[in-house]
2 protein chains.
Amino acid sequence: MQKEYNLSKNQKIIFDLIDKSGGPMKAYSILFNVQKKGIKAPLQVYRALDKLVEIGKIHKIESRNAFIACQNSSCQISKATAFSICESCENVSEISNSKLSKYLSNFSDNSGMKYSKYNLEFFGLCKKCKSK
Amino acid sequence: MQKEYNLSKNQKIIFDLIDKSGGPMKAYSILFNVQKKGIKAPLQVYRALDKLVEIGKIHKIESRNAFIACQNSSCQISKATAFSICESCENVSEISNSKLSKYLSNFSDNSGMKYSKYNLEFFGLCKKCKSK
DNA sequence: AACGTTATGTAATAATATAACATTTATAAG
DNA sequence: CTTATAAATGTTATATTATTACATAACGTT
């Protein structure tokens, strides 16, 4: 189980926004949405995002420069993330598949490198977009 | 085997630079390095990068906003990429492991989504950095 | 209360990437 | 070989994403 953190004021505002949005959000779109709550500067957003990523409440979708709330309540999962991304509608969901995560967490090759973390992004067309 | 493309002038200059560097390069560092060859504007770099990514001669390391030459001469591999990244020295190498690529290319879940592409980034400490 | 740590506020700027438009070069079809 | 089309180039401006630097405030511990 995830350790419970007490989010600070800005962290909570920003986490709630991302969480309620149900999808990935970009930093400046977050900024725009929280300005009425007194968060005025990019740095305030990025600081909260950094912390939220660090504690695993959100993940960064690297290929999209966007942030999504963790949908995986039970996890070591900021160190082991997988997403599916629709290239048409840009819908993103977190993949939680224990076989996949076991396979990747245990992956090792002959490089002598010990992997402590991974991020996997799958791309394709979601059900809806496929049938258009 | 990869289809052979005739690279254009700018594409060739930029590919050669990245390839010779042996590691990931960032767009503006590329720009700096090719200015003496007459490539003056970011857009010229990004256009060549886009094309080189498209044809699989280079890959983008999403978590680093950097580009690396494909080290995998035989492949369908711009659609199936995996990298190991040292979080200390930032060394990056392309993983070519047929079991891994088979496993991921065949991966499917219950989302109804057909995956046509993936990108996987492993993080950790490389041999050298581990022993420091 | 004093201390160290974490979070906040603010301004400025760095780093990454794209839009819009004009022109040139390469490729293929007639 | 010439016309049409697609691909690449050149150039300016601007949009988007992210960090540096510095000052202050709040929180948690002893």
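Chain letters run A, B, ... following the sequence lines, proteins first, then strands; residues in each count from 1.
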Worksheet item: With respect to the phosphate group of dT8(C), does any side-chain polar atom (N or O) of K9(A) fall under 4.0 Å of OP1 or OP2?
Response: no
Item to complete: Answer yes or no: side-chain N or O of Y28(B) and base N or O of dA17(C) forming a donor-acceptor pair under 3.5 Å.
Response: yes
Discussion item. Need one value for K60(A): base, sugar-phosphate or nothing, where a base atom within 4.0 Å counts as base even if backbone is also close, heavy atoms only.
Written reply: sugar-phosphate
Item to complete: Please name the residue in the list L52(A), V45(A), I58(A) that meets the side-chain contact (heavy atoms from CB on, under 4.5 Å) test with F67(A).
Response: I58(A)
Worksheet item: Taking CZ from F32(A) and P from dA15(D), how many angstroms apart are they, rounded to a whole number?
Response: 16 Å
Discussion item. When you measure from the side-chain N and O atoms of K40(A) to the phosphate of dG9(C), is any distance below 4.0 Å, counting only OP1 and OP2?
Written reply: no
Worksheet entry | Phosphate OP1/OP2 of dA7(C): any Q11(A) side-chain N/O under 4.0 Å | yes
Discussion item. If you count every heavy atom of other residues, nucleotides or ligands that lies below 6.0 Å from K130(A) atom NZ, does the total exceed 12?
Written reply: yes
Short N/O separations, protein against nucleotides 22-26 of chain D, under 3.5 angstrom:
none

Worksheet item: Does Q44(B) put a side-chain nitrogen or oxygen below 4.0 Å from OP1 or OP2 of dT9(D)?
Response: no
Worksheet item: How many Å lie between CG on D50(A) and C1' on dT8(C), as a whole number?
Response: 14 Å
Worksheet item: Nearest-Å distance, NZ (K51(B)) to P (dT9(D))?
Response: 10 Å
Can you tabulate the close N/O pairs, meaning under 3.5 Å, that link protein atoms to atoms of nucleotides 25-27 of chain C?
none

Item to complete: Would you mind reading off the distance between I61(A) atom CD1 and dT17(D) atom P, rounded to a whole angstrom?
Response: 14 Å
Fill in: Distance, rounded to the nearest Å, where M25(A) contributes CE and dT16(D) contributes C1'
15 Å
Item to complete: Determine whether the side chains of S111(A) and D109(A) contain a donor N or O and an acceptor N or O closer than 3.5 Å.
Response: yes
Practice prompt. Look at the side-chain N and O atoms of K26(B) and state whether any lies under 4.0 Å from the OP1 or OP2 oxygen of dT16(C).
Written response: yes
Practice prompt. Specify the separation, in whole Å, of atom CG of N10(B) and atom C1' of dT11(D).
Written response: 13 Å
Worksheet item: Do the side-chain N or O atoms of N65(A) get closer than 4.0 angstrom to the phosphate oxygens (OP1, OP2) of dT16(D)?
Response: no
Fill in: Between E121(B) and N119(B), a side-chain donor and acceptor under 3.5 Å
yes
Discussion item. Just N and O in the side chain of S8(A): are any of them under 4.0 Å from OP1 or OP2 of dC27(D)?
Written reply: no
Worksheet item: Between F122(A) and F107(B), what is the ring plane arrangement, given parallel below 30°, perpendicular above 60°, and tilted in between?
Response: parallel
Worksheet, complete the sentence: Sorted by chain and residue number, the salt bridge (charged side-chain N to carboxylate O under 4.0 Å, His left out) partners of K40(B) (sequence neighbours excluded) come out as none
Item to complete: Working to the nearest 0.5 Å, report the span between CE of M25(A) and CG of D19(A).
Response: 11.5 Å
Worksheet item: Please give, in whole Å, the distance from dT16(D) P to L31(A) CG?
Response: 13 Å
Item to complete: From the options dT10(C), dA7(C), dA17(C), select the nucleotide whose nearest atom is closest to the side chain of P42(B).
Response: dA17(C)
Worksheet item: When the aromatic ring centroids of F123(A) and Y115(B) are compared, is their separation below 6.0 Å?
Response: no
Worksheet item: For C86(B) and C89(B), which heavy atoms make the closest approach, and how far apart are they?
Response: SG-N, 3.4 Å
Worksheet item: Would you call E62(B)-R64(A) a salt bridge at under 4.0 Å N-O?
Response: no
Worksheet entry | Out of dT8(C), dT17(D), dA17(C), whichever nucleotide has its closest atom nearest the side chain of Y46(A) | dT17(D)
Worksheet item: For the pair made of NZ in K12(B) and C1' in dT9(D), what is the distance, rounded to whole Å?
Response: 18 Å
